[in-house]
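Right, one structure below, let's go through it.
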Amino acid sequence: MDSNYDPQAIEAKWQKRWADEKLFETEAALGRKKYYVLEMLPYPSGDIHMGHVRNYSIGDALARYMGMKGYNILHPIGWDAFGLPAENAAIKSQRHPSEFTFSYIDRMRGQLQRLGVSYDWRREIASCVPEYYRWNQWFFLKMYERGLAYRRKSRVNWCPECETVLANEQVVDGCCWRHEETRVTERELEQWYLKITAYADQLLDDMKELVRWPERVLTMQKNWIGKSLGTFVDFTVSGLWKPLRIFTTRVDTIFGCTAVFLAPEHPLVEELVASSKEPTRLREDVERIKSSAVRARVELNLDKLGVDSGFTARNPYNGEAVPIWLANFVLMEYGTGAIMAVPAHDERDYEFCSAYRLPIRTVIVPEGTDSAAWADPPLKAMVEYGRLVASGPYSGLSSAEAMERMTGDAEAKGFGEGTIQYRIKDWGISRQRYWGTPIPMVYCDACGIVPVAEKDLPVILPPNVKLTGRGHSPLADVPEFVHTTCPKCAKPARRETDTMDTFVDSSWYFYRYTDPKIATAPINKDVVKYWFPVDQYIGGIEHAILHLIYMRFFTKVMRDIGLVEFSEPVARLFTQGMVIKDGAKMSKSKGNVVDPTEMFAKYGADTTRIYMLFAAPPEKDLDWSDAGIEGAARFVNRVYRLVAKHAGKLEGVRAGKLRAKDKAALTAEERRLLRKAHQTLRHVTEDMEERWHFNTDIAISMELVNDLTDLEAAVAAGKIRPAAHRTALEFLVTILSLFAPHVADELWEGLGHAEPLLKVSWPAFDAELAAEDELELPVQVNGKLRARIRVAASASEEEIRTRALAEEKVIQHLSGRQVVKVIVVPQKLVSIVVK
RNA sequence: GCGAAAGUGGCGGAAUUGGCAGACGCGCCAGACUUAGGAUCUGGUCCCGCAAGGGGUGGGGGUUCGAGUCCCCCCUUUCGCACCA
């Protein structure tokens, strides 16, 4: 074989061979154990970036390892192909978004193929084609049938940059998740919603199945769902017949309620203003409070502002009338938009009531406290549970007992009830944009809102459209799209002109891979049954509460409509770290982007992958270093030269398993080499099963290369015979095939093998050969290292003790002192304690 | 503010179960080969010290024969949540 390493030629050669031999093509095979490796599908933005390279290198290492372990591997890829960037580019250049999208897909497909990932490209999908998005529409109709898709008018998040609505999940720190600098504003709009809240409890409960998901992701989802148990309590308002309902999780503190706070947007506010003695002043105050309300601001910890409405509310538990205030920190969208203020036992209420000099009254004391000794008013809010005081008939109860009794009493007397509140809101999916899935609904003057008939799907996105980016649905300007007939009464009607959030597309795409072309249903149930669940999903943490919660929701709906028989689609999730450079996330605006294709051209895909996996463990952020990739290139070169140099001479030599008598006949050098080779294989095998610290796998492979280099002289002198030498080289190349598959196959071929490594079984390490036969044990005297002794690995404790105590350095440190204790830890060390 | 993770040489990182801290790589230093070296190879490289020795995993305390690892307090960084009543 060529003595010079030429990555460009080698990588092209093997990519062609793999494709010609259909090496990555796979089919469901009942009875054969399967493994589904899934990586998050990319948005076709034009070029792959280092984050993709990292994500797909991790997935490929796993897919190749599991493949060599004998699993039937499903390893697909596709394109999250609808979305705003293409549409925005289209607006600028007055071309069609599909032009950008498909040319970007072609480009990025080429780049991924250049990376040599083991994808079954026949399964590639793109979400922007009607064959795919018709099933988004189908799911929508199924949800509509079940009341899980509905339309309502509400205040929504609006990104001025995207010119469209955002779901709550897509608002980060008051800004758009795509435009970190762009403040989200509010609009009142009619929107379609998917009722994810109907599954809130299941999304929580089923987390117990997700034992192989990172705790961090589960915690984030838990917080996002934000389930809390509490009580509704109806206060009566002075001068109004309608009760005011508040929500609290601490009804046990209600005797300490000294005010009621309303969100400035609360519907009652209008009535209060109308019947106020000073309506003008009150309205002005309300507007002032509103403008400082929580939702409208990004920076937090602003002062709490409030205004006294002049009205009072009567606490049904003790009949006390307390003032009603409007407060800027009360959220309309959580609970009822009205709360009881218990300053003694809530920090926010404490802050507010102190500022406005509202009374503060202690009604809970810590267990075991003498209530008479309790400072009242307190110096700060006591928010813990405790025992009730000054709470009428409930005094003396614990918080837990009181909450139960008091909620029960409210229900019995009709002024309240127990309730469960969630932070999660229904998923608003309407987008006032073009490049997405049309929502398959029709508005008929006679019949109202009518779903498109299933047989009439897909509702095709019309190709001829003028994109202006001016904040309303572009489809509304396409008369031939808008004008249709009512599916029910056949009279003229109008189509919905909003499109779906693209997170709908990615909520079920991984099912489609299992039978990507099926035209009669979104998925092929039988094939899904074989491949699911996804055994390993790999992607970035940034999707922890967006995609990863929507996806779980979709699966539960799919289960309920009979498509699948399980509740959770992904058994194991791995979240990789980001690729950063100079301490910052790579981005065009920061100008610190490293282009993978340049790295492929300069070093090859194998070296780029090796560097990506070597520089840090995969879950941690990886700091890009130009010098680092040079080191990876050096390593790949060394391996290449080392194997290429010997490949010819090893032709015809077999590297079989060694039997006991073969082992006994090994030379010392052979033992040393085989020990290292089997240790390396053991490390990598164990690591691939669980830990995935590819950086250490590559490091130990480097050690093997170092040993092989050290032993070159022994090879030349015949002290290492070809069979042992071949074994070590083959282990090295086999391991390398997980991380640098092209050069590995080239070297494997050079060693005389006809089949690519992916068709070879992963070798088993020999624990006996991997074992050390002599160990160097440290000897400590009073915790300080004083000597090292070499002993046989099989040495008894007594032998080790004797050897250690006989060591000259040890004797020096023992002189004049008394040995108190000698601790011998076999295989580890000797620790001598003296006085 | 609350919650989580992390903090180890000049740098990326290793130490998987409480047992030799710094594997492996980068960088640096010295040398070899060379017309040349930004190729390749060899050796060295935690700190102080000529050495013996001493010190050392963010800081302080503790448990232990023994702590990067376990416990307590503090500091810093990153991430998540941030008026969710």
Side-chain angles (χ1 to χ4, degrees), chain A residues 172-173 214-217 219-220 222-224 226-228 230 246-251 253 261 263 293-295 297 300-302 304 327-331 333-342 345-349 351-352 383 421-424 541-542 544-545 577-578 583 610-611 614-617 619-632 634-635 637-638 641 683 686-687 690-691 693 695-706 709-710 712 775-785 787-788 820-834:
Chain A
V172 180
D173 289 337
E215 205 46 55
R216 197 151 72 106
V217 173
T219 305
M220 282 164 76
K222 241 173 241 166
N223 292 341
W224 185 258
K227 177 178 183 170
S228 49
I246 60 106
F247 171 69
T248 178
T249 55
R250 289 297 303 274
V251 72
T253 65
F261 296 158
V294 207
R295 285 196 63 130
R297 63 202 152 103
L300 295 144
N301 291 323
L302 275 190
K304 291 185 170 44
N328 66 344
F329 70 94
V330 179
L331 301 166
E333 55 280 340
Y334 185 76
T336 61
I339 61 172
M340 65 180 195
V342 183
H345 304 292
D346 182 283
E347 280 168 17
R348 297 152 301 185
D349 298 344
E351 190 189 330
F352 189 96
V383 299
Q421 294 291 308
Y422 297 91
R423 206 185 93 117
I424 193 172
I541 185 78
E542 66 273 19
I545 49 169
M578 284 188 308
I610 290 272
Y611 174 62
F614 179 64
E619 71 278 7
K620 286 185 53 173
D621 285 351
L622 183 156
D623 209 339
W624 179 270
S625 140
D626 292 329
I629 193 169
E630 293 278 351
R634 237 174 333 224
F635 169 65
N637 259 290
R638 273 184 81 193
R641 286 195 309 270
H683 177 100
E686 288 171 357
D687 189 72
E690 194 61 34
R691 229 167 68 113
H693 277 198
N695 53 330
T696 67
D697 299 334
I698 294 168
I700 196 169
S701 304
M702 288 172 170
E703 289 182 36
L704 177 58
V705 172
N706 290 345
T709 308
D710 286 349
E712 282 285 277
L775 298 170
E776 197 179 65
L777 299 186
V779 182
Q780 296 178 348
V781 179
N782 279 358
K784 291 219 192 312
L785 180 69
R788 294 170 208 274
V820 179
K821 206 197 263 184
V822 180
I823 296 153
V824 178
V825 185
Q827 317 275 317
K828 294 288 185 191
L829 58 32
V830 182
S831 182
I832 302 169
V833 188
V834 297

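Numbered from 1 within each chain, the chains take letters A, B, ... in sequence-line order. We use all heavy atoms of the structure for the numbers below, so side chains are in, but hydrogens, waters and symmetry mates are not.
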Mind telling me whether B/rG37 is syn or anti, cutoff 90° either side of 0?
anti

More 5' along RNA chain B: A/Pro778 or A/Ala632, using each one's nearest nucleotide?
A/Pro778

The side chain of A/Thr709 is closest to which nucleotide in this list: B/rU42, B/rC81, B/rG19?
B/rU42

OP1 or OP2 of B/rG3 versus the side-chain N and O atoms of A/Thr219: is any pair under 4.0 Å?
no

Would you tell me if any nitrogen or oxygen in the side chain of A/Arg634 comes within less than 4.0 Å of OP1 or OP2 on B/rC41?
no

Closest nucleotide among B/rG55, B/rG27, B/rC41 to the A/Arg638 side chain:
B/rC41

Taking the side chain of A/Leu829 as heavy atoms from C-beta outward, which of B/rC24, B/rG19, B/rA85 is closest to it?
B/rG19

Quick one: sort the A/Tyr334 and A/Phe247 rings into parallel, tilted or perpendicular, breaks at 30° and 60°.
perpendicular

Which is more 5' along RNA chain B, the nucleotide nearest A/Gly783 or the one nearest A/Ile545? Just name the residue.
A/Gly783

Close side-chain approach of A/Lys304 to A/Asn328, heavy-atom, < 4.5 Å:
yes

Please report the interatomic distance CD(A/Glu686) to CD(A/Glu690), rounded to the nearest 0.5 Å.
11.0 Å

Answer yes or no: are there more than 12 heavy-atom neighbours, outside A/Glu619 itself, under 6.0 Å from its atom CD?
yes

Proximity to the side chain of A/Ile339 - top-ranked nucleotide from B/rA85, B/rG80, B/rG25
B/rA85

Reported CD1-to-CG distance for the pair A/Ile339 and A/Asp349, which is rounded to 0.5 angstrom
5.0 Å

Side chains of A/Arg250 and A/Val342, heavy atoms from C-beta outward: is any pair under 4.5 Å?
no

Got a list of protein N/O to nucleotides 7-16 of chain B N/O distances below 3.5 Å?
{"residue": "B/rG12", "atom": "O2'", "partner": "A/Ala615", "partner atom": "O", "Å": "2.6"}
{"residue": "B/rG13", "atom": "O3'", "partner": "A/Asn695", "partner atom": "ND2", "Å": "3.3"}
{"residue": "B/rA14", "atom": "OP1", "partner": "A/Asn695", "partner atom": "ND2", "Å": "3.0"}
{"residue": "B/rA15", "atom": "OP1", "partner": "A/Arg691", "partner atom": "NH2", "Å": "2.4"}
{"residue": "B/rU16", "atom": "O4'", "partner": "A/Arg691", "partner atom": "NH1", "Å": "3.3"}
{"residue": "B/rU16", "atom": "O4", "partner": "A/His683", "partner atom": "ND1", "Å": "3.0"}

Looking at B/rC83, B/rC79, B/rU42, which one has an atom nearest to any side-chain atom of A/Lys304?
B/rC83

Of the nucleotides B/rA85, B/rC65, B/rC26, which has the atom closest to the A/Val330 side chain?
B/rA85

Would you mind classifying the nucleic acid contact of A/Ser831 as base, sugar-phosphate or nothing, using non-hydrogen atoms under 4.0 angstrom?
base

Please work out the stems of RNA chain B from pairs that are Watson-Crick or G-U wobble with both distances under 3.5 Å, keeping only runs of three or more consecutive pairs.
B:1-7 with B:75-81, B:10-12 with B:24-26, B:27-32 with B:40-45, B:46-48 with B:53-55, B:58-62 with B:70-74

A/Asn706 side chain N/O closer than 4.0 Å to the phosphate oxygens (OP1, OP2) of B/rG25?
yes

So, is A/Arg641 near the phosphate of B/rC41, with a side-chain N or O under 4.0 Å from OP1 or OP2?
yes

